[in-house]
Amino acid sequence: MGQLANGYGSFSDDGKEYVITRADTPMPWINVLSNGDYGMVLSQTGSGYSWRTHASLNRITRWDQDLIRDDWGKYLYLRDAESGAFWSPTWQPCGTTLDGYRVRHGMGYSVIEAQREALSSSVTYFVPLDASCELWLLRLENHGDTPRHLQVFTYLEWLLGAAPDWHREFHRTFIETHYHAASGTLLATKCLWELPTESASHWNRSWPYVAFLSASLPPVRFSADKRDFLGRNGSLHAPAAVQRGQLGNYAGRWGDPIGSLQLDLTLAPGEACEIVFVLGAADDQEQALALAARFKTPESLRTALQSVRDQWDGILDQLVIETPDPALNLMANGWLQYQAIVGRLLGRTAYYQTGGAYGFRDQLQDSLVWLLMGRPEATLDQIRLHAAHQFQDGIVLHWWHPLAETGMRSDYSDDLLWLPFVVLHYLYETGDWGCLDDSMPFYDAGAASLKDHCLRAFDVALRRRSARGLPLILKGDWNDGLNAVGAFGRGESVWMGHFLHFLLCAWADLPLDDTETQARFRREAERLRAAVNQHAWDGEWYWRASKDGGGLVGSSQSSGGQIFLNAQTWAVLAGTAPPDRAQQAMAAARKRLYSNYGPLLLAPAYAEPDPEIGYLSRYAPGIRENGGVYCHAACWAVLAERTLNGAQAAYDLWRRFCPPLRGQSPDHYLAEPYVMPGNVSGPEAEIPGQGGWTWYTGSAAWYLRALVEGVLGVTAQIDGLMVRADLPDDWERFRIKRAFRGAVYDITVRRAVGDEQPGCRVDGDLRPGDVLPVAPPGTVQTVCIVVSK
Ligand code: GLC
């Protein structure tokens, strides 16, 4: 059964799992599991890696970023002790054909089920909420009529530090393994950690954790030596130790360190057994052994799993969206939120990009997702974290590493403005004006109110303008890949002009009690609008940027990149464009940029690297920002369509890059149908329409916002919740239930029946206008909006 099946898999009936039924998906179809500290990534072949706190600086297990082979991971082997036959319960590493192969990626867990002859297996993987470890539950059942004598082996390679470990022969000599026989736990430590800190301890510190691997069934043998396990020139496909059915009991300070435990068991006909494996990185040995002991029983594992599932249900239940579109409902009732939260905020890593750092603009934007989930305090936590990575002079770190607390002072023009942008949306959502007075530290020294942090960002942005009043682009703006356009400090950004204009106007309208600043912001907004319209109008659309030498980017005069999406969409979103230009600019975007699988970031693609543009022009034509659908920016186009042309236009565009729909042609689209890709290749690519760079993309949170605000028309405002009621052409109704300022708004928008009059009723009473006022906390507001037929 399932929903939106495509030959490789489908969504479960309740939409909460994506069920893959073939191991040979066109690319890895993964899940990210993390509690915000410890995490793991798992593909449908059973491959993947684990980390603690930072997926690149503190990787626990080795993994190689080879998405085609996808053959690095933490694996299990099963061996029939009598016949010597062996296989793995996941497709990798043995590649044995298994019956009934099923991978269920759920929210907070994954399960891989298979059967080989009369023995069925399932492995459940997850990361508990409150411990720095992952748990695997291996369940085996003998469906045959003879007893089975079985052996189970684990296999993983310890990394314990910065990934990739490019000098493994050097690094492995610092790793020490130890078998703790009393508890059957394999322990691993490392006395060198290459952490990019500014202090002198860079090459002179120990890895301060203890990695461990334990099993609930007492291991009969162990090995921490790769040569023992694989054999000289051996392979994961058929390791020597598994072939001979015996590990060599090696551990110590030699060899190439791995984690292998051997368990022996017998299953009578009809008998089943469950084994818990715990893999983690504890603060010390005592904690490691305590965690191994805590999860000794399947019951303790199940309790921890239930807590994970309850937590996700609690988060995801906060936003309910019911429309006539099943693909939309699937993405909107869980998968987008899950991707944004676990992939971008908690784990910050995936397969196409392995990360761990925070991007100043990136995770701030991602944290907007919490505003739709009734958890604005989580957005405020993110705001606090980022404010603490701003210098007193207003400039911020472009990105920084947790653990090392090092980062890069930003030369990008836009980074610092995302702080007032996200604060603004937090304020719309909460009305928590008091937060502006909260004192927050700067990265260098001292502290100031949140408002002051934001005003310092504005001051820098306002100062960094050209003689004719347009913002300088510097090393780039939102579009990182435009990194050469203004590297010498003269090039300008028109998108920044729109963005800053939007922020100045919005902040000028906040109830700030600061008439002087607000009057200044209004004046500056006016000047900016005038400058953009005087200088940046190309005739039919806005150009995108000017180079240090004065040449234009995104102009009809350009050879590559004649028109850029963001310069048009933000002219509408920011109100910079007068109405006729707004129409013209979006008409040009529609004509030149809209493909039937989404709006392109620019067209035509750059055919050759242009040293005056930057790395954007160095991508192959049609790939990523060079003329692909860049989903993050595509979401802004949905919002701009809504502003200009209503719900149908927004919905039409939103659907064009909706993953479950694109995933209906999986061999063409390639990417997971249940998460956003960062990009979809454009018409000039070798194969247009392929999705890539999944999971680690800022488009997850924005795609949800584009849906709620753009398609459904529900927007938080200073004075209440605005519902611009409008229905896509073939919808009769939709329902959205969302939290707002402590109350729940259960809103239905539907077409009039018979001679019914359009209008809005709150709890049965007619209400004029399209802004629902702030309701008492704890109440449920039932809203029914009838629109004309
Ligand atoms: C990448 C960056 C992001 C940037 C985007 C567009 O996704 O992480 O910060 O805005 O590219 O260039």
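One-based numbering, in listed order, for ligands and for the atoms of each. Quick note: numbers below take in every heavy atom, side chains included, and nothing from hydrogens, waters or symmetry partners.
- Using a 4.0 Å cut-off to heavy atoms of D480, the atoms of ligand 1 that qualify are 2 (C), 12 (O).
- In this structure, D459 does not pair ionically with R456, as no charged nitrogen and carboxylate oxygen lie closer than 4.0 Å.
- Heavy-atom contacts of Y630 reach the following atoms of ligand 1: 1 (C), 5 (C), 6 (C), 7 (O), 11 (O) (cutoff under 4.0 Å).
- Residue contact check: E625 has heavy atoms under 4.0 Å from atoms 6 (C), 11 (O), 12 (O) of ligand 1.
- Side chain of Q337 to main chain of A332: a donor-acceptor pair is present (N/O by atom type, distance under 3.5 Å, no hydrogens or angles).
- Protein heavy atom closest to atom 10 (O) of ligand 1, with residue, atom name and distance, is W478 O, 2.6 Å.
- Under 4.0 angstrom from ligand 1, the non-hydrogen atoms of R361 all belong to its side chain.
- For the pair Y351/W63, a side-chain contact is recorded, criterion being any heavy-atom separation below 4.5 Å from C-beta on.
- In terms of polar-atom proximity, defined here as any N/O pair under 3.5 Å, R624 makes no such contact with ligand 1.
- Heavy-atom contacts of D362 reach the following atoms of ligand 1: 2 (C), 3 (C), 8 (O), 9 (O) (cutoff under 4.0 Å).
- With no hydrogens or angles considered, a side-chain donor-acceptor pair links W695 and E672 at under 3.5 Å.
- For ligand 1 and N479, the ligand atoms under 4.0 Å from any heavy atom of the residue are 12 (O).
- A cation-pi contact links R59 to Y49, judged by a cut-off of 6.0 Å to the six-membered ring centre and 45° from its axis.
- Annotation: cation-pi pair R348/Y358 present, NZ/CZ under 6.0 Å from the ring centroid and within 45° of its normal.
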